[in-house]
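Here is the structure we will look at.
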Amino acid sequence: MKKGLLALSPLAVFILLYLVTSIVAGDFYKVPITVAFMVASIYAVMISSGMPLRKRIDAYSRGASTDQMVLMIWIFVLAGAFAHSAKVMGAIDATVNLTLSLLPPQMLLAGLFLAACFISLSIGTSVGTIVALTPIAAGIAEQTDTSIPLMTAVVVGGSFFGDNLSFISDTTIVATSTQGCRLSDKFRVNSFIVLPAAIVILAVYLFMGSDVQSPHTVPEVEFVKVIPYLIVLVCAVFGMNVMAVLTLGIIFTGVIGLYLGAFDIYGWLQAMGDGITGMGELIIITMMAGGLLEIIKLKGGIDFIIRLLTARVHSKRGAELSIAALVSLVNVCTANNTVAIITVGGIAKQIGDRFGLDNRKCASILDTFSCFVQGLIPYGAQMLMAAGLASLNPVSILPYLYYPMAIGLVALLAILFRYPRKYS
């Protein structure tokens with residue numbers, strides 16, 4: 001017990017240092033999240049007794065440089081280069097003006113949410129959706145005097161709709177493969193659970209949108225400047241790799257910007273460089289989070305959670321709750337919903353077989369609760385990406401993440417009230 005709690009203590013140090021000090025200060029911008037991760041990382045290395053200091057540092061570095069981490073860093077670099085060069089060229093302003101001219105102000109929140117849901121369902125990834133829509137959402141917020149964290153949260157929430165439901169989402173594929181069920185069956189069960197939540201949140205955004213004021217004058221739309229974003233959106237919807245999509249966006253932004261005289265070749269390079277530099281904090285946080293979580297895993301923190309939550313399960317409802325708690329807590333410790341499902345998928349299958357659970361609902365529980373947690377942790381890739389693109393502190397987005405909160409609530413109610421009946 002003590003070893004398990006000690007293994008998890010670095011995460012507690014991070015949460016206490018960042019959240020408590022920020023609450024005491026009354027300002028989440030006063031405590032740099034990088035410093036909180038640095039202190040927690042040093043503490044994690046210090047308490048990892050039983051091996052030489054160099055090996056502890058090697059283990060931390062291994063976690064900070066996994067294939068998944070390096071891939072995310074590449075996406076951050078390309079997203080920074082694209083977003084800033086598009087901003088300098090005028091693509092964001094042009095796209096915002098186009099959106100404002102097409103949608104009435106009361107439909108902006110609901111329209112953004114629907115766009116995020118559709119794109120994420122089409123491409124199966126929340127990160128790609130966030131990269132495509134966050135700069136537009138932030139621009140609309142500035143033009144309409146709406147809260148930028150709120151607009152950003154609308155995109156982040158909608159992005160998890162597809163991450164949870166899409167047939168090509170990695171979480172869907174992993175959840176169904178670990179539980180031994182078909183994608184279509186899991187989709188059907190999952191839809192019964194999360195679609196009511198999506199409809200309610202859409203209605204909330206329609207109601208909230210009634211207070212959004214349109215700007216007094218909408219500048220004339222320069223359609224040629226919208227092309228980079230249209231290319232990014234279309235390629236993303238057709239399933240192109242997110243890194244390839246961003247690279248295409250950078251190329252078209254540069255070509256159009258040079259043609260229009262928005263910048264010269266050196267200005268374009270400078271814009272890309274400034275965008276990459278602006279992602280520096282996110283890259284540092286990503287690496288330190290990876291190292292910290294590797295130490296927790298190495299010291300048995302995740303194994304401890306699994307043993308603790310499966311020790312006293314005696315009913316179907318309890319079995320489903322234990323699967324939900326398992327994937328949620330492991331997601332908190334890994335900051336990656338796909339990795340969380342892979343980690344506990346086998347255990348969840350054993351629990352399901354032992355208590356006669358429907359494997360389709362087990363897959364749905366794994367996917368939905370992992371997306372619920374991933375959508376709310378401020379050090380997850382999606383939140384960091386959205387915060388970086390909107391120039392926000394990730395914690396400032398948290399209070400507005402209505403959709404991730406809603407799917408967590410409805411998924412919990414589905415377990416407690418044995419819904420849908422056919423699969424319970």
Side-chain angles (χ1 to χ4, degrees), residues 95-96 98-141 143-167 169 171-172 187-214 233 236-237 364 367-376 382-383 386 390 397-414 419-420:
T95 307
V96 168
L98 177 62
T99 306
L100 292 173
S101 64
L102 291 176
L103 286 176
Q106 61 269 24
M107 281 293 296
L108 287 173
L109 287 174
L112 265 178
F113 181 67
L114 283 175
C117 290
F118 172 73
I119 293 170
S120 60
L121 191 64
S122 302
I123 66 177
T125 168
S126 49
V127 172
T129 306
I130 289 166
V131 167
L133 291 182
T134 299
I136 298 170
I140 291 172
Q143 290 281 346
T144 57
D145 290 327
T146 308
S147 165
I148 296 178
L150 169 61
M151 282 288 195
T152 305
V154 171
V155 171
V156 174
S159 74
F160 278 100
F161 178 83
D163 202 339
N164 180 218
L165 281 179
S166 176
F167 279 74
S169 166
T171 57
T172 294
F187 176 83
R188 194 175 297 112
V189 181
N190 223 154
S191 298
F192 279 119
I193 295 172
V194 302
L195 278 180
I199 292 168
V200 168
I201 297 304
L202 181 63
V204 168
Y205 287 141
L206 283 169
F207 175 76
M208 293 175 65
S210 61
D211 294 329
V212 176
Q213 300 295 321
S214 62
L233 291 172
V237 167
S364 180
D367 200 342
T368 305
F369 276 94
S370 70
C371 286
F372 152 65
V373 172
Q374 188 70 19
L376 293 176
Q382 292 83 352
M383 285 281 280
I397 306 171
L398 277 175
Y400 304 103
L401 289 165
Y402 304 141
Y403 183 71
M405 294 178 193
I407 62 171
L409 177 61
V410 295
L412 178 61
L413 292 175
Y419 171 83

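Each residue takes its place number in the sequence, starting with 1.
Residues Leu109 and Met151 form a side-chain contact, since some pair of their non-hydrogen atoms from C-beta on lies under 4.5 Å apart. Two residues are said to be in side-chain contact when any heavy atoms from C-beta on lie closer than 4.5 Å; Met107 and Tyr205 fail this criterion. Within the 4.5 Å cutoff, side-chain heavy atoms of Ser370 are placed close to those of Asp367. Side-chain contact between Leu165 and Ser191 is present, with at least one heavy-atom pair separated by less than 4.5 Å.
The nearest pair of heavy atoms linking Ser159 to Ala116 is N-CB, 3.9 Å. In terms of heavy atoms, Gln382 sits closest to Ser126 at NE2-OG, 2.9 Å. A pairwise comparison of heavy atoms in Phe160 and Gly375 identifies CE1-CA, 3.4 Å as the closest pair. The two residues Phe113 and Gly157 come nearest to each other via the heavy atoms CE1-C, 4.2 Å.
Phe187 pairs by the ring-ring contact (aromatic ring centres under 6.0 Å, His included) definition with Phe167, not counting sequence neighbours. In this structure, Phe207 has no ring-ring contact (aromatic ring centres under 6.0 Å, His included) partners at least two apart in sequence or on a different chain. Residues passing the side chain to side chain contact (heavy atoms under 4.5 Å, CB included) test with Ala198 are Phe161, Tyr403, sequence neighbours excluded. Partners of Asp163 by salt bridge (charged side-chain N to carboxylate O under 4.0 Å, His left out), not counting sequence neighbours: none found. When the side chain to side chain contact (heavy atoms under 4.5 Å, CB included) test is applied to Leu401, the partners found at least two apart in sequence or on another chain are Ala153, Val156, Leu376, Met383, Ile397, Leu398, Pro404.
Heavy-atom contacts from other residues, nucleotides or ligands closer than 6.0 Å to CZ of Phe192 number 12 or fewer.
Counted by atom type alone, Thr171 and Asn164 present zero donor-acceptor pairs between their side chains at under 3.5 Å. Under the 3.5 Å distance criterion, with hydrogens and angles disregarded, no donor-acceptor pair is assigned to the side chains of Ser210 and Gln106.
Distance CG/Leu150 to CG/Leu112: 9.5 Å, rounded to 0.5 Å. Note that CZ of Phe369 and CD of Gln374 are 15.5 Å apart. Values are rounded to the nearest 0.5 Å. Expressed to the nearest 0.5 Å, how far OH of Tyr402 lies from CD1 of Ile201 amounts to 8.5 Å.
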Determine all donor-acceptor pairs shorter than 3.5 Å in which one atom belongs to a side chain in residues 127-140; sequence neighbours excluded.
unit_1 : atom_1 : unit_2 : atom_2 : d
Thr129 : OG1    : Ser120 : N      : 3.4
Thr129 : OG1    : Thr125 : O      : 3.0
Thr134 : OG1    : Ile130 : O      : 2.7

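Remark: the backbone N or O of Ser166 is not paired with any side-chain donor or acceptor of Ser169 at under 3.5 angstrom.
Checking each of Asn190, Val194, Thr172 against Ser364 for a side-chain contact (heavy atoms from CB on, under 4.5 Å) leaves exactly one that passes, namely Asn190.
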